[in-house]
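Worksheet: the structure to be examined is printed underneath.
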Amino acid sequence: MIVSWMTTNKCNLHCKHCYQNAGESRAEELTTAEARELIDGIARAGFRIMIFSGGEALLRPDILELVSYASSKGLRPVFGTNGTLLTPEIVRALKASGAAAMGISLDSLDRDKHNAFRGDETAFDRTLQGMENCREAGLPFQLHTTVMDWNRDEICDVIDFAVEKGAMAAYLFFLIPVGRGVFIEDSALEVQAYEELLQRIMMKQKEIPIPIKPTCAPQFTRVAKQLGVTLDRRFTRGCLAGLTYCIVSPVGMVRPCAYMTEEAGSIREKPFDEIWKNSELFASLRTRNYGGYCSACGYQDICGGCRARAAYYHNGDYMAADSYCAYGLQMQEA
């Protein structure tokens with residue numbers, strides 16, 4: 001099971017797609033003591049992987065202390081970072097504190113395109129240097145890429161680049177229009193283009209030695225099965241929201257995923273493990289009683305549709321059909 005904690009709203013970049021609308025820190029963000037209590041609850045709930053994300057997690061002053069504490073509780077601390085702050089000194093400190101891996105964002109092999117998307121003209125070079133610093137220090141890293149209409153044709157090249165740079169995996173994030181992402185919704189792929197790209201990505205998986213994980217694109221499990229592609233043994237289901245995954249906001253609100261606005265509870269009111277076990281929101285998701293064509297789909301057990309996208313396009317109904325499924329639309333038209 002995996003939990004992602006958005007450690008802070010503070011960020012040194014201004015990315016166009018940011019689901020958290022990050023920038024300045026919020027005054028009510030969890031204190032160090034509250035963060036420790038959160039980590040205790042995560043461990044009690046039986047989670048194994050804890051993602052430290054943001055904003056930019058490396059801007060939180062107590063981050064090394066909290067990584068060390070999470071590691072001491074038997075958790076595997078990993079990061080989601082823009083990579084620009086991964087200096088040799090920080091990388092060594094992270095590794096010494098128990099950090100197990102870095103997830104580093106790279107959205108294009110074109111310096112100008114990446115920088116424009118991330119809102120900083122130095123981002124590309126600093127991110128690549130961060131990868132190199134991780135490699136030299138022996139701290140594993142993987143590439144994270146947001147998939148848009150303007151970079152769709154270089155996604156496979158980015159995957160090859162990940163292999164070339166020694167990344168342990170390539171994670172591809174398909175846009176969900178929340179946060180600042182609502183302003184670039186028209187940059188998201190159309191349904192058929194989305195399906196075709198998933199097919200290309202899954203065929204690419206046959207060619208390379210590292211795993212590829214499309215995120216917020218649960219249909220990749222169906223596409224892989226249809227194409228006879230063997231996935232990494234960890235990738236047995238598409239959407240994990242509320243099932244084996246959830247997130248915690250900078251102020252302690254627990255949600256099924258980063259792209260769902262529905263809240264399961266606050267860790268300032270109840271311990272995390274109680275929220276995870278007893279939340280009505282999570283209980284609803286765990287029924288898997290989906291609507292529309294998702295209810296009749298033969299791939300429901302391995303896909304589940306994107307619950308965040310279902311909620312966005314169906315007035316908050318997170319159990320509705322995922323409108324971005326070409327296979328489901330074909331079922332509907334049949």
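Closest approach of G265 and I275 over heavy atoms only: C-CD1, 3.7 Å. Considering all non-hydrogen atoms of both residues, L106 and L109 come closest at CD2-CD2, 4.0 Å. K95 and A137 get closest at one heavy-atom pair: NZ-O, 2.8 Å. The heavy-atom pair separating C156 from R200 by the smallest distance is SG-O, 4.3 Å. Pairing each heavy atom of E29 with each of N9, the nearest pair is OE2-N, 2.8 Å. Considering all non-hydrogen atoms of both residues, T236 and R233 come closest at CG2-O, 3.3 Å.
Between the side chain of S71 and the backbone N or O of S68 there is no donor-acceptor pair closer than 3.5 Å. The closest donor-acceptor contact from the side chain of E269 to the backbone of S266 lies at 3.5 Å or more, if one exists at all. Remark: the backbone N or O of L240 is not paired with any side-chain donor or acceptor of R307 at under 3.5 angstrom.
Neither V158 nor M168 shares a network with the other; the hydrophobic side chains, linked directly or stepwise wherever heavy atoms of I, L, V, M, F, W or Y lie under 4.5 Å apart, form separate groups for each. L227 is connected to I155 through a chain of hydrophobic side-chain contacts under 4.5 Å among Ile, Leu, Val, Met, Phe, Trp and Tyr, so both are in one cluster. A continuous path of hydrophobic side-chain contacts links F235 to I159 [ILVMFWY only; heavy atoms under 4.5 Å]. One hydrophobic cluster, built from ILVMFWY side chains closer than 4.5 Å, holds both L139 and L128. Both M203 and V163 are part of a single hydrophobic cluster, where members link through side-chain heavy atoms under 4.5 Å apart.
In this structure, the separation between CD on E65 and OG on S97 is 10.0 Å, given to the nearest 0.5 Å. To the nearest 0.5 Å, atom CD1 of residue I2 and atom CD1 of residue I247 are 14.0 Å apart. Here I42 contributes atom CD1 and C246 contributes atom SG; the two are 7.5 Å apart, rounded to the nearest 0.5 Å. In this structure, the separation between CZ on R111 and CD on E121 is 11.5 Å, given to the nearest 0.5 Å. To the nearest 0.5 Å, atom OG1 of residue T32 and atom CD of residue E37 are 11.5 Å apart. With rounding to the nearest 0.5 Å, the separation of OH in Y259 from CG in L175 is 8.5 Å.
Looking at E136 and V91, their side chains never come closer than 4.5 Å, going by heavy atoms from C-beta outward. Between I51 and V3, the closest side-chain pair of non-hydrogen atoms is not below 4.5 Å. K213 is not listed as a side-chain neighbour of D232, based on a closest heavy-atom distance of 4.5 Å or more. Using a 4.5 Å heavy-atom cutoff, the side chains of Y324 and C306 are not in contact. Between Y299 and T221 the shortest side-chain heavy-atom distance does not fall below 4.5 Å. Taking the side chain as every heavy atom from C-beta outward, K270 and N278 never approach each other to under 4.5 Å. Side-chain contact check for N151 versus T145: some heavy-atom pair is nearer than 4.5 Å. The side-chain heavy atoms of L172 and F220, taken from C-beta on, include no pair separated by under 4.5 Å.
The side-chain tip of R255 does not point at the ring of Y318 from less than 6.0 angstrom away and within 45° of straight on. Taking the ring axis of W276 as reference, the NZ or CZ atom of R286 stays within 45° of it and closer than 6.0 Å to the ring centre. Cation-pi geometry between R152 and Y194 is not met at under 6.0 angstrom from the ring centre and within 45 degrees of the axis.
The pair D107-K113 fails the salt-bridge criterion, with no side-chain N (NZ, NE, NH1 or NH2) lying under 4.0 Å from an Asp/Glu carboxylate O. A salt bridge is absent between R118 and D120; no separation between the charged side-chain nitrogens and carboxylate oxygens falls under 4.0 Å.
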Could you walk me through whether R222 and E195 pass the side-chain contact (heavy atoms from CB on, under 4.5 Å) test, one step at a time?
CA-CA 11 Å; R222 165 185 54 81; E195 178 81 3; 2.8 Å; yes
Apply side-chain contact (heavy atoms from CB on, under 4.5 Å) to the pair T127 and I104, showing each step before the final yes or no.
CA-CA 8 Å; T127 295; I104 301 175; 3.5 Å; yes
Take C239 and Y245, measure what side-chain contact (heavy atoms from CB on, under 4.5 Å) needs, and give me the verdict at the end.
CA-CA 9 Å; C239 184; Y245 173 79; over 6 Å; no
Tell me, with the steps shown, if Q330 and Y293 meet side-chain contact (heavy atoms from CB on, under 4.5 Å).
CA-CA 9 Å; Q330 289 174 358; Y293 45 71; over 6 Å; no
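Applying the 6.0 Å contact sphere to CD of E280 captures no more than 12 heavy atoms from other residues, nucleotides or ligands.
A donor-acceptor pair shorter than 3.5 Å cannot be found between the side chains of T8 and E56. When only modelled atom types and interatomic distance are considered, N133 and Q129 share a side-chain donor-acceptor pair under 3.5 Å. Under the 3.5 Å distance criterion, with hydrogens and angles disregarded, no donor-acceptor pair is assigned to the side chains of D110 and S108.
F52 and F79 have parallel rings, their planes meeting at less than 30° on a 0 to 90° scale where 60° marks the start of perpendicular.
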